Amino acid sequence: MLDIHWLNTFVTLARLQHFGQTATELHMTQPNVSLHLKNLEQATRVKLVERSPFRLTQAGERLLQSAERALNELQLCQADLNALGQFSQGKLAIAASDIISRLLLIQPFQRFKQAFPGIDLTLFNTTSDQAAELVKGGKADLGFVMAQKRSEPLFYTELQQVTWCALGQGLTRWQARARAGESDPLDEPTLILLGHDTRTRALIDPSLPLLALPSCRIMEVGSVDAQLDWAEAGFGVAIVPDFSLHPRLKLTAPVTELHDFPGTSLGYVVRQNQVLSRAIKQLLHWVEEEIQRPHPYLDPAPETRKESGEGE
């Protein structure tokens, strides 16, 4: 019988390809890492690792496939057992982008800690794509994502529809100038967008021509927070999801709803057939309450705050 601790050490060693780093990550001594590998090789009666340079043998590659599946299945099983037992102690791992976690999860997390003090909340700040992968691999129990495609082995539940908004000075002025066939080299339109490796860009890039702007500069930043900061500072117009315009931010730049842009959705993913604990269900309920709060920046009018000196 192969010891589960030996297998975990072997999988970690195969990923890091370094005995010292493996010992550090697993909070072990390096001799114990070597001992686990030795015990595993004795139990399987085959050599699993070549040390100089480090590489897995053919037998090691084969064992790695089964070991990863076995460890992952045990992790998923433990999560379901915790849920069935309505656990009040342990860990709950959540994956979400930084803007979702900061604007929609802080207050629900505070209420969660008061109601379930024995459960340690772990938050992975990441992209929607990575959040889905963390849930799929069992490293996160719940992932909050945008524009998730319905596909196995994940189950997606929509929490709200998302529309797009333009934040910043200049949009109305640039559009009027474009309609008049005019240009101003000292006031070239600048759009503040996320990078091309995000779901957001894949969603909005096809719709950018609907802004009816002349050729414009693109300023790429690494987060929605950065988009808001640069737009508020007057460096251009940020195209952002409506939920990012939270009253907590006290934004002052003009906001324009982009009704012609196709909407998307914000929701959460869990594994197919995953058992949801009472704690997770309660957290989701609080998140839904947070989402349903009135939004002061948006109203039925196409433009909620006119730009200074325009449209008067």
Side-chain angles (χ1 to χ4, degrees), residues 95-104 125-133 143-151 154 156 158-179 181 183-185 187-246 249 251 253-267 269 297-298 302-304 307:
S97 70
D98 184 63
I99 195 69
I100 292 176
S101 62
R102 288 206 312 111
L103 297 184
L104 299 181
N125 267 332
T126 182
T127 65
S128 289
D129 284 328
Q130 293 169 340
E133 287 299 316
F144 291 93
V145 300
M146 282 181 58
Q148 175 67 29
K149 296 179 180 178
R150 298 181 185 275
S151 62
L154 298 178
Y156 174 71
E158 179 181 306
L159 291 173
Q160 76 167 77
Q161 278 289 305
V162 175
T163 58
W164 300 99
C165 297
L167 173 76
Q169 298 280 351
L171 181 60
T172 304
R173 182 175 67 252
W174 299 333
Q175 290 174 328
R177 189 183 300 149
R179 288 193 298 269
S183 63
D184 183 352
D187 185 28
E188 186 177 359
T190 300
L191 296 181
I192 306 171
L193 306 175
L194 294 181
H196 277 90
D197 59 343
T198 61
R199 289 189 185 183
T200 295
R201 285 297 295 275
L203 290 168
I204 69 171
D205 272 5
S207 300
L208 292 180
L210 297 174
L211 294 174
L213 294 175
S215 59
C216 61
R217 295 176 295 184
I218 301 296
M219 178 180 178
E220 290 191 353
V221 296
S223 68
V224 177
D225 288 333
Q227 285 184 276
L228 301 178
D229 288 344
W230 285 106
E232 277 283 288
F235 284 86
V237 170
I239 309 300
V240 295
D242 55 358
F243 68 83
S244 67
L245 305 176
H246 199 280
L249 301 177
L251 300 172
V255 176
T256 303
E257 293 185 66
L258 302 176
H259 297 289
D260 292 335
F261 277 45
T264 183
S265 64
L266 167 68
V269 289
Y297 288 105
L298 305 178
E303 191 168 273
T304 59
E307 298 181 31

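Residue numbers run from 1 in the order of the sequence given. Remember, it's a predicted structure, so these values are computed and weren't measured experimentally.
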Distance in Å, [X] [atom1] paired with [Y] [atom2], rounded so as to fall on 0.5 Å steps:
| X | Y | atom1 | atom2 | result |
| --- | --- | --- | --- | --- |
| Thr127 | Asp98 | OG1 | CG | 12.0 Å |
| Leu171 | Leu258 | CG | CG | 7.0 Å |
| Phe243 | Gln161 | CZ | CD | 12.5 Å |
| Thr163 | His259 | OG1 | NE2 | 8.0 Å |

Between [X] and [Y], which heavy-atom pair has the shortest distance, and what is it?
| X | Y | answer |
| --- | --- | --- |
| Ser244 | Leu103 | O-CD1, 3.3 Å |
| Leu245 | Cys165 | CD1-CB, 3.9 Å |
| Ala178 | Ala212 | CB-O, 3.5 Å |
| Thr126 | Ala131 | CG2-N, 3.7 Å |

Is it the case that the side chain of Glu232 and the backbone of Leu251 share a donor-acceptor pair, with hydrogens and angles ignored and the cut-off at 3.5 Å? no
Side chain to side chain contact (heavy atoms under 4.5 Å, CB included) against Thr264, all qualifying residues, sequence neighbours excluded: Met146, Ala147, Val162, Trp164, Leu203
Residues Leu159, Leu104; criterion side chain to side chain contact (heavy atoms under 4.5 Å, CB included); working and verdict: CA-CA 12 Å; Leu159 291 173; Leu104 299 181; over 6 Å; no
Quick check: do [X] and [Y] have side-chain heavy atoms less than 4.5 Å from each other?
| X | Y | result |
| --- | --- | --- |
| Leu194 | Gln227 | yes |
| Leu213 | Leu208 | no |
| Val237 | Leu211 | no |
| Val240 | Ile99 | no |

Quick one: list whatever passes side chain to side chain donor-acceptor pair (under 3.5 Å) with [X], sequence neighbours left out.
| X | value |
| --- | --- |
| Ser223 | none |
| Gln160 | none |
| Ser101 | Asn125 |

Suppose the criterion is side-chain hydrogen bond (donor to acceptor under 3.5 Å, both in side chains): which pairs have a residue in residues 212-221, not counting sequence neighbours? Thr190-Arg217, His196-Glu220, Arg201-Glu220
Applying ring pair (Phe, Tyr, Trp, His ring centres under 6.0 Å), which residue pairs with at least one partner in residues 199-239 are found, sequence neighbours left out? Trp230-Phe235
Among Ile218, Leu167, Val221, Leu228, side-chain contact (heavy atoms from CB on, under 4.5 Å) partner for Ile192: Val221
Check the pair Ile204 / Leu193 against side chain to side chain contact (heavy atoms under 4.5 Å, CB included), numbers first and verdict last. CA-CA 10 Å; Ile204 69 171; Leu193 306 175; 3.9 Å; yes
Check the pair Val145 / Tyr156 against side chain to side chain contact (heavy atoms under 4.5 Å, CB included), numbers first and verdict last. CA-CA 9 Å; Val145 300; Tyr156 174 71; 3.8 Å; yes
